[in-house]
Each structure stands twice: as structure tokens, then as C-alpha cells.
Amino acid sequence: MTTLDTGQQTAPRASFFNDPVIRGVIYQVVVAALIISFILWIIGNTAANLAAQNKTTGFDFLWRTAGFDISFSLLPWSRASYYWEAFLVGLLNTVLVAVVGIFFATILGFTIGIARLSTNFIVSSLATIYIEVIRNIPLLLQLFFWYFAVLKAMPAVRNSFELPFDSFINQRGIMIPRPIPDEQFGFVWLGLALAVIGVVVLRYWAKKRLEATGQRFPVFLTSVAILFGVTAFVFWISGASVAFEIPVLERFNFRGGLQLPPEFVALAFGLTIYTAAFIAETVRAGIQAVNHGQTEAAASLGLKDADRLRLVIVPQAMRVIIPPLTSQYLNLTKNSSLGAAIGYPELVNVFAGTSLNQTGRAIECIAIVMLVYLTFSLLTSAIMNWYNARVKLVER
Amino acid sequence: MTDIGFVRSEMVEARPAPVRTSGAVAWMKKNLFATPLDSVLTVFGVAFLLWVVPPLYGFFFGNAVWAGGTVEDCRVETAGACWAYIAAEMEFFIYGFYPAQEFWRPNLVFALGALLLAPLLIPKVPYKRLNAVLLLIAYPVVSYILLAGGMFGLRVVPTEQWGGLLVTLIISVVGITLSFPIGIVLALGRQSSLPIIKTACVMFIELIRAVPLITILFMASVMLPLFMPQGTTVDKFLRALVGVTLFTSAYVAEVVRGGLQAIPRGQYEAAAALGLGYWRRMWFIILPQALKHVIPGIVNNFIALFKDTSLVYIVGMRDLLEAVKTKNDSAIEWQSANMATTGYLFAGMVFWVFCFGMSRYSIFMERRLNTGYKR
């Protein structure tokens, strides 16, 4: 009633504790204080624990010799190598298996996703069975199955199975011929690069011409012709050649060729099979997300079947497919850490496993590993944000 | 009278009977041989089935050695799956090293869980709230007392002796029940207008989602003991539980956020206009609608969590997968060609049944809750 007595009309003020702004500040101060004190408590405990165990901290261990063996490495590796080299070896192995897995999983996943939408009963049922079985079984179990039950049950080296193209499969993995390009082969790469540039220019020109005159140009076929033609032509005139070093069975083991260890084969295979099931579902959802009216509208514009798919359906489906597809790629990369369980020397195995146990620097090792995956993830989401902004439907 | 009218004087020829649109032949024509390409695919598909199904049938059923068979039967060259091995080691696969005379305790826990869960899942059964309280609050306490013992004259069974399916189920059930509320709180925090709370939630969610579960489990098993005050020991089981729960709650949070964003702004404003405070607004108006939207996503998370429990094997826990692998590697008395394969197939089937069941139930719920937009 005091406000009435003054005779002045002021906006009714909430009482101090009901003012949303003040409340917000109070809540945030309380939460911040809780978080900070929690972190300080953890740091204090950790310091006390480390001191009690006489452990030191710091990243100086990266420049010490590691002194352990790594069974599969793309870089030269010996026991005298440093820990930071071990980190690089692990990182490269992770990237290698991720790239191989992503490549094959994409092909298999798109095939199965499209098969699932087939009007053919047998084809779509087979695809459905594949998806429902694979998606509902843990990846680790599948890896164990491929590694312990399938690859370890392969014949011993002496009785290896022979595959096409002089390849062999046995308990110790897969042996394939190793391509050895000669010195002239550099020209072929150069030719390929030139062809790629040519194709990009051609596409740009064809698009401009389409927009200006409405005339279409068979870009795809010409591009394929240029890529293959130029490369083959350069290959022919430069006199380059590729020799193949074929794996040969000697007394105890194979010599020569590329030898893929069973851990790598099982991990790449398992990741491919598992992720393909998820990619297939993504593809199916993307294609189904395109309204049927779009197909009909394209048909009524007089587009041919192939054009209808290429110009109307696929671009719209891809906009739906690509974001979840990249998150599947990211999942595959993260799942490659399960290689640690079957002894594939990837990042987690080499660094959060062996290196951590040898040096005792738990915090540093795990922080580095987490940072690597965090970088992968942030990079992917940055690219995706850019892509989403680019393909966003422009509405009024 | 001019003949201007046209009256048909003879009957029109009967049209040919319509092409059959029902029956087996029509179905095959439509679904198997619609186009030449379809026919080719069908032929290949049938050939594939003929190539794959008989050996699989032989392996799983025809030549399989059933319970009661001996290891000699399994060692025969043509023998299929060695189910006798599974039957013989079943107790280990379910209970791990849990002492045999105490098996009634995990059995009682399983039975109680099924008894409380079933009525909660069937929509028509009444008393849902009481049921949920019993399942989410009373049941965990009772289960813990039963399993761990040490009270009411029950023998103490340390967590190191728990194993097999028991551990898989405990980790996934506890992970699911704890990560759900934490995930909702995180999602609300991420949507909050208070910058400090929002930043903290975003950082937590994005950090956890960026790294693989293995690194979280490594962190939980290696670093959690370092984080605690000196002298406290953190049970290995508890470490794995903390890791799994933190991991899943970040994913649940992102799914719930999707649901929150799908609610039209008018709902928030209408709730505020009713004079409801923040928590009432969320509890009565926003969350019921948002959670309905995201049921499939949440169940997918839970399926993923159930599958991911197998990863605790890597930090040395004894779950179902570890039990199977241990026996595959060590049960020399069952050593035979198909022993390892049979073991992994069995584990796969158990996981599959649970995951497939969950996904079917989520589809059922999705249909049931799809009120309002039915066409």
C-alpha cells in the first residue's frame, strides 16, 4: 500500500528473490561455485594421491624411448623409438583402419539400403534380415567372432587358402601382391591430376552453358572418358609399368607381398559389416524422406527415369542422408578403438594401453587420446555445419 | 418415325477376365517377377538362399549336438554347433563365479525384476505410478541387499564374484535408470538461458560424445581412484557403472534436446502465461510432450547402451561376453572345432533377443503414443 500513498505510478517490481534476473545470477553463482569447488577437490585429491605414490607428472615422457614392440606399423618402428613416435604409429593405424572401413562400409551400406527398398520380396527381406541381425549384436562380440572364431580357425600357413589374384588367407592374415610402381609412374600421377583439373573445369563450363542456353552436356560420361583416357594415355607414352611382388610361401612363412595381419583384417571387416547396417538404415530413411509428389512432379515435367533420379530425387535424398552418414563415419572411427580388445595396435591400444602402463602417466596419456578424438569430432561437426548451411532449404 | 435413337441390339463382347490381383500367382508376379531385372534378382536370391540355408540349418539344428551330448559328439568331423557345451557351462554364463548355493538370490532378483517390469510395460495395467516407484526406488535397494549380502544374515558376496549375464543386466539396467534423469537435466541445462549453466552442460555433453566409450571406461578405471580422497577405494564395479552412466546420459541429453526443440514456442509461452514456474512448466507441459517425441531415440540409446556393456570386458569386468570368452579359451574338456563359434553365437543370440525386443517395444509404443497426428 505504500506505493499508493506516494501517489506515483511506478512499474510493479517483483520482490528481490522473485526477480528472474537476480535469481538467474544467484543460480549461476551457486552452480559455478559447486563446479569449481568440485574440480579443485579433484585436483587436490589427485595431487595428494600422486604425491603419496611418488609419481611425477608432465609430458616429458614423450621424448623417452618406448622399448616395446608394435606388431603392425606404417612408420619405421623399433624398440628404441620414442613415445611420441608410438603416438604417431597408433594414430596412423587408427586412421588407416577407419579409412578402409569407411570406404567399404559406404559401398556395402548403400547397396543394402537400396536393396531394402526394392520391390523384390526376396531382395528386401535379405536386406532386412542383415540389418536387424547385425544392428542388434554388440560390435565387440562381432569382432571376437571374426577374430577368434573365424580367422584363428583358418588353416595354418602351410595349407593357406588361395584367393584370386595370387592372394592367400591363413591364420596370420591375408597376403596380397604388393604393387611396385617404377620411376616413370610419377608421370601417371601427374596425368591423373591434370585430368581431375580438366574435369572440374569441364563441369564448371557445362553448368555455365546450361544456365545460359539451357543446353545440356553429358558431363558424367565425358568426365569418365577424360579421367581414364588421359591416365591411360600418359601411362602408355611415358612407358611406366607396375610390377607386382607376389607373396611366396617359404619354409615357415610367406615372404614378399603385402601382409595384412589378422587383427587388421578382423577389425576392418567387423567395422565394415557393423557400420554398413547403420548406413543402410540412413540411406533408406533418406530416400523415403523424399516426398512421392517429387517423383510425380519430375515425371510430369517430362524428365526421363535416369534424369528424374539424378536431378530431383538423389539431390534431395542426399541432403537428408549426409549428416547422419558423417556421424556414422565418426562412430566408425571411434569404434575402431575396440581394436584394442583384439590386439590391433591403434591409438587406444598403443597409447592408453601399453604406454600408460609403462610410464604410469595415466592423466597425460588419456588426455592426449581424448584430445585426438575430440579433434576428429570437432572437425566433423565444423564441416557438417558448413554443409548444412550450404544445403539448407531457402525459404521466405 | 425416323430412326434417330441408337439402341444396341446385340451384347458387347465380354472383356477378358481381369488379371488376377490376389492369390499366390499374382503376389509372385508383383513381388518377384515384376520386371526382367526383378526376375534376375529373384533367381540370384533363391540361388543364394539355396546355397546358404542348408549348411546353416545343418550347423544350427541338423548336425548340432544338443544338451546331453558329449564332447566326443562335438569332435566328430561333421558335427555342427556344440550346444552341449553351452548347456554344460550355462551356470557360469549366467552367474559367473557367484557361489552355487546362493543362486536363489540372483534368481529372486531376476524374478522380482520381471514381475515389476512386465506390468509397467503393458499399457492397460493400472497403478503405473506405484509400479514405477517400486521398480525404480525399492527394487534397486532390495536387489543390492540380496546380491551383495551382509545384511539379514545373508552371506557377503563381493562384486568380484558376480559375473555373466547377471553383470550385463545389472550394468545396463542401472545405466539406463540413472542416465535417463541425468540426461534430461543436462538437456534442460543446455536449453537454459543462463550462460554459465548452458556452457557447463554443452562442454560436458560434447566432450563425452566426442570420445569413444573405451576411453571413458579407461578413465573411470584408472583415474577415478586418483580423484577420490586418499584411502577411499572405489569398487571396480562402481567405476564401470560411473563410466557407462556418464557416457549414456550425454547421448540421452542430445536426444531429449531434439524433443525440446520440436515443441512449438507457443507451448512455452502458454505455460508461462498460466503462471507456472520453471520446474512446473517443464514437468507438466514441456517434458511430457518432448519425451513422447523422442521415445524411439531414447530406446535406441538404451539398445546401444545394452550392446556397449560388453565393453566393460576391456577394463577387466566379468560380463556375459567375458564369461563366454573365458570358457572358450579355458574349458579344455569341451575343446572342439566349433566350440568357440558356438560360444560366440550363443552370446550373440542373447544380446540379439534383448536388443530386438527393445526395438520392437519402442515401435509399439511409438504407434500407441502417436496421438493427435493420426491420419
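Every chain is numbered from 1, with letters handed out A, B, ... down the list of sequences.
Looking only at side-chain heavy atoms (C-beta outward), B:L226 and A:L50 come within less than 4.5 Å of each other. Annotation: side chain of A:F144 is in contact with side chain of B:L321 (closest heavy-atom distance under 4.5 Å). Side-chain contact between A:I137 and B:K307 is absent, with no heavy-atom pair separated by less than 4.5 Å. Looking only at side-chain heavy atoms (C-beta outward), B:V211 and A:V372 stay at 4.5 Å or farther from each other. Put simply, the side chain of A:Y27 reaches to within 4.5 Å of the side chain of B:L194, judged on heavy atoms. You'll find the side chain of B:K198 stays beyond 4.5 Å of the side chain of A:Q28, heavy atoms only. With a 4.5 Å cut-off on side-chain heavy atoms, A:L140 and B:S310 count as touching.
B:I314 touches chain A through its side chain: at least one heavy atom from C-beta onward sits under 4.5 Å away, while N, CA, C and O do not. Residue contact with chain B, scored on non-hydrogen atoms closer than 4.5 Å, involves the backbone and the side chain of A:L374 alike. Contact of B:L49 with chain A is made through the side chain alone, with heavy-atom distances under 4.5 Å. The contact between B:A200 and chain A is made entirely by side chain atoms (from C-beta outward), counting heavy-atom distances below 4.5 Å. With a threshold of 4.5 angstrom between heavy atoms, B:F48 approaches chain A through side-chain atoms but not through N, CA, C or O.
Taking the six-membered ring for Trp and the full ring otherwise, B:F218 and A:F351 have centroids separated by 6.0 Å or more. The aromatic ring centroids of B:F227 and A:W41 lie 6.0 Å or more from each other.
Counting all heavy atoms, side chain and backbone alike, B:I196 lies closest to A:A32 at CG2-CB, 4.1 Å. Smallest separation of non-hydrogen atoms from A:A362 and B:V222: CB-CG1, 3.2 Å. Shown here for B:P225 and A:N49, the closest heavy-atom pair between the two residues is O-ND2, 3.5 Å.
For the options A:T380, A:V133, A:N335, heavy-atom pairs under 4.5 Å to chain B are most numerous at A:V133. By number of non-hydrogen pairs under 4.5 angstrom with chain B, the leading residue of A:L371, A:I35, A:L338, A:T375 is A:L338. Between chain A and the residues B:F351, B:F354, B:Y278, the largest count of heavy-atom pairs under 4.5 Å involves B:F351. Chain A forms the most heavy-atom pairs under 4.5 Å with one residue out of B:G45, B:P195, B:G277, and that residue is B:P195. Note: A:I363 leads A:L378, A:T333, A:I363, A:L356 in heavy-atom pairs under 4.5 Å with chain B. Of the residues considered (A:A48, A:S124, A:A47, A:A341), A:A48 shows the highest number of contacts with chain B, using heavy-atom pairs under 4.5 Å. Ranked by heavy-atom pairs shorter than 4.5 Å toward chain B, the options A:C365, A:S377, A:A149, A:P138 are led by A:P138.
No donor-acceptor pair under 3.5 Å is formed between the side chain of A:N120 and the backbone N or O of B:L41. Checking side-chain atoms of B:W352 against main-chain N and O of A:R135 turns up no donor-acceptor pair under 3.5 Å. No donor-acceptor pair under 3.5 Å is formed between the side chain of A:K334 and the backbone N or O of B:I214.
Between A:F145 and B:Y344, the ring planes are perpendicular. Angles over 60° get that label, and only those under 30° would be called parallel.
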Self-check item: Stepwise side chain to side chain contact (heavy atoms under 4.5 Å, CB included) test for A:F148 and B:K325
Solution: CA-CA 9 Å; A:F148 292 112; B:K325 188 172 182 311; 3.4 Å; yes

